[in-house]
Amino acid sequence: MTAPDSSLTVLIADDQPLVRRGLALIFHADPGVRVVGEAGDGREAVDLALRLRPDVVLMDIRMPRLDGVEATAALAAELPECRVLALSTFDMDEYVVGALRAGAAGFLPKDVSPEELVAAVHTVSRGEAAVAPRLLTRLISAYVTTPAPRPAAQHVRPDLTSRETDVWTLIARGYDNTEIAGELRISPSTVKNHVTAVFAKLGTRDRAQAVIAAYETGLVQPGAAGGPPAGSSSPSGV
């Protein structure tokens with residue numbers, strides 16, 4: 001369980017000192033966030049996180065010694081209660097998919113607004129995923145290798161109900177919970193229960209990993225028809 005927002009702690013990992021300073025200044029303006037350390041490479045990020053035990057690590061994807069993907073995997077194994085929010089200069093970065101697969105709770109391009117960055121840190125600290133649904137599906141469809149198309153019935157996992165499979169499919173197509181509720185004509189609370197069950201049965205930590213699993217199993221294919229209603233771009237949670 002993470003600390004309350006009033007004492008949310010953050011570690012910043014980026015190989016550029018000016019970027020680290022800029023990020024620290026953004027969080028300094030939020031009394032609910034305290035920056036407890038800064039790291040200049042992935043190895044240092046892991047070492048500092050194990051020592052300082054922050055609630056969230058803001059992790060640059062491309063760093064020397066140990067890149068952000070490897071550092072994220074190490075933290076997922078050694079400090080699973082710590083949430084990693086990946087950052088990249090490019091919004092379409094194949095390394096981001098690796099970080100999400102390794103256990104990152106979210107991803108943001110570095111040109112996001114200070115308000116979006118702070119909101120995302122609070123989101124992942126609560127155990128939710130912080131990735132804009134459309135950006136997530138674009139990333140996955142671009143960089144995840146999918147198997148050849150098979151009959152739809154072969155994609156149904158026996159441990160998922162038909163409704164849970166429907167929900168999983170819509171998650172993979174970029175729908176958030178409100179949009180899933182509208183599409184399936186069920187209540188948002190029912191959707192949340194289904195999403196939680198899907199995560200548990202798939203063995204995924206969050207929405208991002210569930211989307212990756214959907215593409216890797218061939219449940220959905222890159223460029224598949226469908227998608228969320230226009231205007232959906234907010235970070236998704238459970």
Side-chain angles (χ1 to χ4, degrees), residues 56-57 59-62 67-77 80 82-88 90-109 120 123-124 127-150 152 154-160 164-177 179-180 191-192 194-228 232-238:
V56 178
V57 174
M59 185 82 73
D60 185 25
I61 289 293
R62 299 171 185 254
D67 66 30
V69 176
E70 296 170 310
T72 297
L75 288 178
C82 176
R83 305 287 285 178
V84 174
L85 181 59
L87 292 177
S88 175
F90 310 102
D91 64 358
M92 289 295 287
D93 188 338
E94 61 184 310
Y95 285 85
V96 172
V97 174
L100 294 172
R101 186 185 282 113
F107 157 69
L108 291 175
T123 295
V124 299
E128 301 172 6
V131 187
R134 285 188 173 179
L135 176 56
L136 178 59
T137 53
R138 282 174 56 214
L139 281 165
I140 303 305
S141 63
Y143 295 116
V144 172
T145 301
T146 62
R150 293 175 293 172
Q154 294 185 23
H155 301 304
V156 178
R157 289 176 50 125
D159 52 341
L160 292 181
E164 288 166 353
T165 301
D166 291 340
V167 169
W168 184 24
T169 301
L170 292 176
I171 289 172
R173 290 179 176 170
Y175 284 66
D176 63 25
N177 286 3
E179 294 157 356
I180 293 173
V191 172
K192 186 168 184 177
H194 285 315
V195 172
T196 299
V198 168
F199 290 173
K201 292 179 179 181
L202 295 178
T204 54
R205 289 180 54 176
D206 52 38
R207 209 174 198 91
Q209 291 189 342
V211 174
I212 292 172
Y215 277 88
E216 288 181 329
T217 60
L219 178 72
V220 293
Q221 294 286 322
S232 173
S233 61
S234 59
S236 56
V238 169

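This chain uses plain numbering: 1 for the first residue, then up along the sequence. Not measured: the values here are computed from a predicted model.
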S.K.: Please enumerate all residues that pass salt bridge (charged side-chain N to carboxylate O under 4.0 Å, His left out) together with Glu164, with sequence neighbours excluded.
M.R.: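 Applying salt bridge (charged side-chain N to carboxylate O under 4.0 Å, His left out) to Glu164 gives Lys201.
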S.K.: Go through Val84 and Val56 one step at a time and tell me if the side chain to side chain contact (heavy atoms under 4.5 Å, CB included) criterion holds.
M.R.: CA-CA 6 Å; Val84 174; Val56 178; over 6 Å; no
S.K.: What are the two closest non-hydrogen atoms of Leu160 and Leu202, and how far apart are they?
M.R.: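 In this case the closest contact between Leu160 and Leu202 is CD1-CD2, 4.4 Å.
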S.K.: Could you measure the distance from the OG1 atom of Thr72 to the CG atom of Leu100? Nearest 0.5 Å is fine.
M.R.: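 If we round to the nearest 0.5 Å, Thr72:OG1 and Leu100:CG are 9.0 Å apart.
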S.K.: Please determine if Arg173 and Glu179 form a salt bridge, counting it only when a charged side-chain N lies under 4.0 Å from a carboxylate O.
M.R.: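 Result for this pair is no, no salt bridge flagged.
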S.K.: If every non-hydrogen atom of Met59 is compared with every non-hydrogen atom of Ala71, which pair is closest and at what distance?
M.R.: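 Taking Met59 first and Ala71 second, the nearest heavy atoms are CE-CB, 3.6 Å.
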S.K.: Drop me the distance from Asp166's CG to His194's NE2, to the nearest 0.5 angstrom.
M.R.: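 Going from CG on Asp166 over to NE2 on His194, the span is 9.0 Å.
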S.K.: Hey, does Ile61 have a side-chain heavy atom less than 4.5 Å from the side chain of Leu87?
M.R.: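 Not touching, per the 4.5 Å side-chain cut-off.
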S.K.: Grab the two heavy atoms, one from Asp67 and one from Val69, that are nearest each other, plus how far apart they are.
M.R.: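 Answer, listing the atom of Asp67 first, then Val69: OD1-N, 3.0 Å.
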S.K.: Once rounded to the nearest 0.5 Å, what's the spacing between atom CG of Leu85 and atom OG1 of Thr123?
M.R.: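 Spacing of CG (Leu85) from OG1 (Thr123) equals 9.0 Å.
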S.K.: Quick one: pull up CG in Asp206 and CZ in Phe199 and give me the separation to the nearest 0.5 Å.
M.R.: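 Asp206 CG to Phe199 CZ: 6.5 Å, rounded to 0.5 Å.
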S.K.: Taking all atoms of both residues into account, what is the closest heavy-atom pair of Ala102 and Ala76, and its distance?
M.R.: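 What the structure gives for the nearest pair is O-CB, 3.4 Å.
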S.K.: Could you check Ile171 against Asp176 for side chain to side chain contact (heavy atoms under 4.5 Å, CB included), going step by step and ending with a plain yes or no?
M.R.: CA-CA 7 Å; Ile171 289 172; Asp176 63 25; over 6 Å; no
S.K.: Does the side chain of Asp60 come within less than 4.5 Å of Ser88's, by heavy atoms?
M.R.: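 No, side chains not in contact.
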S.K.: Quick one: pull up CZ in Arg83 and CZ in Arg205 and give me the separation to the nearest 0.5 Å.
M.R.: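 Atom-to-atom, Arg83:CZ and Arg205:CZ are 5.0 Å apart.
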S.K.: Roughly how far, to the nearest 0.5 Å, is OG1 of Thr217 from CH2 of Trp168?
M.R.: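 It comes to 4.0 Å.
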S.K.: Who passes side-chain contact (heavy atoms from CB on, under 4.5 Å) against Ala74, sequence neighbours left out?
M.R.: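 Partners of Ala74 under the side-chain contact (heavy atoms from CB on, under 4.5 Å) test: Val46, Glu78.
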